[in-house]
Amino acid sequence: MYPQADLNQEVILMNIPTVTHNGISFINLSKPTDEQVKFLNKNFGFSMLNLEDYLYKTQIPKIEMYKDYSLLVMDIPFIQQAAKSKKEKAAGKPFFIPNAISSRISLPIFPKAARKKRISVGEVDFFIGKDYVVVLHDETTPQIDELFEMCKITSKHREELMGKGSVYLLYRIIDILVDSVFSYIDDISNTIDYIDRQLDEDRSVSVIEDISMTRRNIVVFETMIKPALPIFADLEKGKYKELNGEMMPYWSNILDHLQKIWERLEDNKELIEGISKSYESFLSSRTNEIIKVLTLFTTILLPLTLIASIYGMNVPLPFEKDPNVFWLVMLVMIGTAVVMVAFFKLRDWL
């Protein structure tokens, strides 16, 4: 690696977003360029294999320990929003509320996702050294960008987030990302409640779409949370000494949040499966009712059609020359229909 002064100068030349406080650097690269990736490989010694894996999105959640740094890969949910007008962008601008862990700093809270949106997987790579945290991510995790901007604004935010070392900074970033996941869980729960209220209304297509999308989102969510659980369980147990020490209680907090998310996902999965089966039974029952009515109509009309067809044939038939044959035939047809309807009523088929 270069001397610190030369490295800082090259960071500026490469236009790499960096905040430094008490010897700790927070480097935030959203959609890094090839030149920036080569810079990380050259100056920080990051494995080019890891950097290329990030660029091509081929990694799974994991922790890997190297001589000079640690690598933590996480999957974070996001919803791809359509292009917005300036007015919509202003309305959807993030706002800030006090953090539950510390009342001294405000953290970003983002608008909830709309119903019928597809949840996708966004990857975040953390490279953690003794005096730096490098974060690689796409535009799918604006929480990191907001946190980075907060560190740039005031020394108070920098001290709160970066004053306890690089591993603590890593924890605070992950804590924000994990807490943001709860809003997606709330959206899924709200969608399930909405579906439950719509079951008695004639909205078959809409309800089916909601059920299908919700089941799909839950499965995608599970693929993100499941591999993260053993990672933070190992951190809680102190498996990685470079990331543990005084941080072990903090990792317990992250693990607890992930377990709560997993439990809520399991509950929502059971709910949507039960609602889906109930709705399938409802649709099946309604379909059977429709088929029964159509079958009864067909059964009643069949003998009437037969009688009408016989007397429409150009062959000699009884009473065909009788001037009252029309009324006779009509009487037979009506009588047949009445008898059949009475029979169906007697059997409780109507």
Side-chain angles (χ1 to χ4, degrees), residues 17 19 26-32 54 57 59-63 70-81 94-102 105-113 119-128 132-151 157 160-162 164 166-188 217 220-236 243 247 250-265:
V19 175
F26 178 7
I27 299 177
N28 174 46
L29 289 175
S30 178
K31 302 188 72 172
Y54 168 78
K57 302 295 183 293
Q59 299 191 95
I60 60 173
K62 63 181 179 180
I63 290 182
S70 306
L71 170 65
L72 172 59
V73 180
M74 288 187 65
D75 286 337
I76 300 297
F78 76 95
I79 291 178
Q80 189 68 44
Q81 301 288 354
F95 58 92
F96 297 88
I97 65 172
N99 183 14
I101 298 176
S102 173
I105 183 171
S106 299
L107 299 179
I109 299 297
F110 292 82
K112 291 186 177 181
I119 292 178
S120 301
V121 180
E123 181 182 319
V124 183
D125 286 16
F126 300 93
F127 293 85
I128 310 100
Y132 63 81
V133 173
V134 178
V135 186
L136 306 184
H137 64 103
D138 293 333
E139 296 175 348
T140 58
T141 49
Q143 302 94 326
I144 299 176
D145 293 329
E146 290 293 329
L147 192 66
F148 182 78
E149 290 300 318
M150 289 163 53
C151 289
H157 289 160
E160 173 66 23
L161 295 168
M162 304 172 63
K164 298 181 181 179
S166 59
V167 179
Y168 181 77
L169 173 60
L170 168 70
Y171 160 75
R172 293 303 297 266
I173 298 172
I174 294 176
D175 184 46
I176 292 171
L177 293 176
V178 171
D179 285 349
S180 70
V181 172
F182 281 100
S183 66
Y184 293 95
I185 297 292
D186 291 338
D187 288 331
I188 291 177
N217 285 342
V220 172
F221 233 127
E222 288 183 333
T223 62
M224 286 183 278
I225 302 301
K226 187 174 182 179
L229 289 171
I231 291 176
F232 288 96
D234 289 340
L235 283 170
E236 183 192 34
L243 301 178
M247 294 301 300
Y250 294 95
W251 298 131
S252 298
N253 178 62
I254 298 292
L255 180 61
D256 179 63
H257 287 184
L258 288 174
Q259 289 172 337
K260 289 179 180 178
I261 291 170
W262 180 261
E263 291 170 1
R264 290 188 61 183
L265 277 175

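What you see below is based on every heavy atom in this structure, not just the backbone, and it leaves out hydrogens, waters and symmetry mates.
Annotation: salt bridge (Lys or Arg N to Asp or Glu O under 4.0 Å) contacts of Lys31 (sequence neighbours excluded): none. Contacts of Ser30 classified as side chain to side chain donor-acceptor pair (under 3.5 Å), with partners at least two apart in sequence or in another chain: none. Pro77 pairs by the side chain to side chain contact (heavy atoms under 4.5 Å, CB included) definition with Ile119, Val181, Tyr184, Phe221, Met224, not counting sequence neighbours. Residues satisfying the side chain to side chain donor-acceptor pair (under 3.5 Å) criterion with Thr141, sequence neighbours excluded, are His137. Applying the ring-ring contact (aromatic ring centres under 6.0 Å, His included) rule to Tyr54 yields no partners; only residues at least two apart in sequence or on another chain are considered. The salt bridge (Lys or Arg N to Asp or Glu O under 4.0 Å) test applied to Lys226 returns no partner, not counting sequence neighbours. Residues passing the ring-ring contact (aromatic ring centres under 6.0 Å, His included) test with Phe127 are Phe46, Tyr69, sequence neighbours excluded. Shown here are the side chain to side chain contact (heavy atoms under 4.5 Å, CB included) partners of Glu222, two or more places apart in sequence or in another chain: Ile218, Trp262, Leu265, Glu266, Lys269.
Looking at heavy atoms from C-beta onward, Ile60 lies out of side-chain contact with Val73 at the 4.5 angstrom threshold. No side-chain heavy atom of Leu243 sits less than 4.5 Å from a side-chain heavy atom of Leu72. Looking at heavy atoms from C-beta onward, Phe232 lies in side-chain contact with Met74 at the 4.5 angstrom threshold. Using a 4.5 Å cut-off on side-chain heavy atoms (C-beta onward), Asn217 and Asp187 make no contact. Inter-residue side-chain proximity for Leu258 and Val178 is flagged as met; some heavy-atom pair is nearer than 4.5 Å. Lys62 places a side-chain heavy atom less than 4.5 Å from the side chain of Leu71. Counting heavy atoms from C-beta outward, Asp234 and Ile63 have side chains that stay 4.5 Å or more apart. Between Asp179 and Gln143 there is no side-chain heavy-atom pair separated by less than 4.5 Å.
Summarising the geometry, atom CD1 belonging to Ile225 is positioned 14.5 Å from atom NZ belonging to Lys260; distances are rounded to the nearest 0.5 Å. The SG atom of Cys151 sits 6.5 Å away from the CG atom of Leu169 when rounded to the nearest 0.5 Å. With rounding to the nearest 0.5 Å, the separation of CG in Leu170 from CG in Leu235 is 8.5 Å. In this structure, CG in Leu147 is found 8.5 Å from CG in Leu177, a value given to the nearest 0.5 Å. The distance from atom CG of Leu161 to atom CZ of Phe26, rounded to the nearest 0.5 Å, is 8.0 Å. Rounded to the nearest 0.5 angstrom, Thr223 OG1 and Asp75 CG are separated by 7.0 Å.
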Asp138 vs Phe78, side-chain contact (heavy atoms from CB on, under 4.5 Å): CA-CA, chis, key distance, verdict: CA-CA 11 Å; Asp138 293 333; Phe78 76 95; over 6 Å; no
side-chain contact (heavy atoms from CB on, under 4.5 Å) evaluation trace for Arg264 with Asp186: CA-CA 9 Å; Arg264 290 188 61 183; Asp186 291 338; 2.8 Å; yes
side-chain contact (heavy atoms from CB on, under 4.5 Å) evaluation trace for Val167 with Trp251: CA-CA 11 Å; Val167 179; Trp251 298 131; 4.0 Å; yes
Steps toward side-chain contact (heavy atoms from CB on, under 4.5 Å) verdict (Asn28, Ile144): CA-CA 8 Å; Asn28 174 46; Ile144 299 176; 3.4 Å; yes
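What you find for Met150 and His157 is that their closest heavy atoms are O-ND1, 3.1 Å. Between Leu29 and Pro17 the shortest heavy-atom distance is CD2-CD, 3.7 Å. Summarising the geometry of Met162 relative to Val19, their closest heavy-atom pair is CE-O, 3.4 Å, with the distance given to 0.1 Å.
No hydrogens or angles considered: a donor-acceptor pair under 3.5 Å links the side chains of Asn253 and Tyr171.
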